[in-house]
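So the structure is just underneath, and the comments pick up after that.
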Amino acid sequence: MEIFNQTDIKKYYQIFGYANLIFSILLVIFLTDIDFKERIFALISINVGFHMLYWFFSSLSKDSTRMNNSFNKIMGTGMLKIFAVFGIICSFTIVYFFITNAIFQKEYVGLFGICIPFGLFLGAYKLWTDLNNE
């Protein structure tokens, strides 16, 4: 049973990608207590982190060495499914820590990077659906 299909994942990836870009631009504009160069570095690292996590997880199912024999296919697919579940669980955990850290320490600046775990979730879920569709 799939919650999202491939087009939904791609649509949400674009939506969260634009939200991530907007949040990182707002970080550069409104966070004036640090140097401008550090704000630009934060903008780049937030966006690279989002896209890197998505593309890393979503491209793991395209490895052709897993298909050499039936043992590799079964074990490789099983390990990648476990890795996808680990990525999904980690994305929820990271969102929880982002929010609790911002609330308890009153550092709301950390919420500007809240889209990064969504890139992890979407990439891991795309890996999961790709492995189930093989």
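- Here the side chains of Lys81 and Asn132 are in contact, with some heavy-atom distance below 4.5 Å.
- The two atoms that bring Arg39 and Val28 nearest to each other are NH1-O, 2.8 Å, heavy atoms only.
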Report the C-alpha separation of Leu122 and Leu53 in whole Å, then their side-chain angles, then the decisive distance to 0.1 Å, and conclude whether the side-chain contact (heavy atoms from CB on, under 4.5 Å) test is met. CA-CA 9 Å; Leu122 291 172; Leu53 285 171; over 6 Å; no
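- With hydrophobic clusters built from ILVMFWY side chains whose heavy atoms lie under 4.5 angstrom apart, Ile74 does not share a cluster with Met79.
- Both Ile103 and Leu111 belong to a common hydrophobic cluster when Ile, Leu, Val, Met, Phe, Trp and Tyr are linked at side-chain heavy-atom distances under 4.5 angstrom.
- Note: the hydrophobic cluster containing Phe41 does not contain Phe112 (ILVMFWY, side chain heavy atoms under 4.5 Å, direct or indirect links).
- Of all heavy-atom pairs spanning Leu60 and Leu80, the tightest one is O-CD1, 3.9 Å.
- The line from CH2 of Trp128 to CZ of Phe121 is 12.0 Å long, rounded to the nearest 0.5 Å.
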List the steps and the verdict of side-chain contact (heavy atoms from CB on, under 4.5 Å) for Phe50 and Trp55. CA-CA 9 Å; Phe50 174 79; Trp55 286 107; over 6 Å; no
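- Between the side chain of Asp35 and the main chain of Glu38, no donor-acceptor pair closer than 3.5 Å is present.
- Atom OG1 of Thr7 is separated from atom NZ of Lys11 by 7.5 Å, given to the nearest 0.5 angstrom.
- Each of Ile116, Leu120, Ile9 was compared with Tyr54 under the side-chain contact (heavy atoms from CB on, under 4.5 Å) criterion, and only Ile9 meets it.
- Between the NZ atom of Lys10 and the OG atom of Ser58 there is a distance of 10.0 Å, given to the nearest 0.5 Å.
- Within the structure, salt bridge (charged side-chain N to carboxylate O under 4.0 Å, His left out) pairs that include any residue of residues 109-127 comprise Lys126-Asp130 (at least two apart or interchain).
- For Phe83 and Phe57, the distance between ring centers is under 6.0 angstrom.
- No continuous path of hydrophobic side-chain contacts links Leu131 to Ile82 [ILVMFWY only; heavy atoms under 4.5 Å].
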Counting only pairs under 3.5 Å, give me each side-chain donor-acceptor contact of residues 85-95, with atom names and distances, residues two or more places apart or in other chains.
from  : atom 1 : to    : atom 2 : distance (Å)
Ser91 : OG     : Ile88 : O      : 2.6
Thr93 : OG1    : Ile89 : O      : 2.9

Quiz: residues 14-27 side-chain donor-acceptor pairs under 3.5 angstrom, not counting sequence neighbours:
from  : atom 1 : to    : atom 2 : distance (Å)
Asn20 : ND2    : Ile46 : O      : 3.4
Asn20 : ND2    : Asn47 : OD1    : 3.4
Ser24 : OG     : Asn20 : O      : 3.1
Ser24 : OG     : Leu21 : O      : 2.9
Ser24 : OG     : Asn47 : ND2    : 3.0

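- Shortest non-hydrogen contact noted between Tyr125 and Phe4 is OH-N, 3.4 Å.
- Distance alone, capped at 3.5 Å, is enough to place a donor-acceptor pair between the Ser45 side chain and the Ala42 backbone.
- Atom OH of Tyr108 sits in a crowded spot, with more than 12 heavy atoms from other residues, nucleotides or ligands closer than 6.0 Å.
- Note: the hydrophobic cluster containing Ile29 also contains Ile40 (ILVMFWY, side chain heavy atoms under 4.5 Å, direct or indirect links).
- Of the inter-residue distances, the one linking Ile34 atom CD1 with Leu31 atom CG reads 4.5 Å to the nearest 0.5 angstrom.
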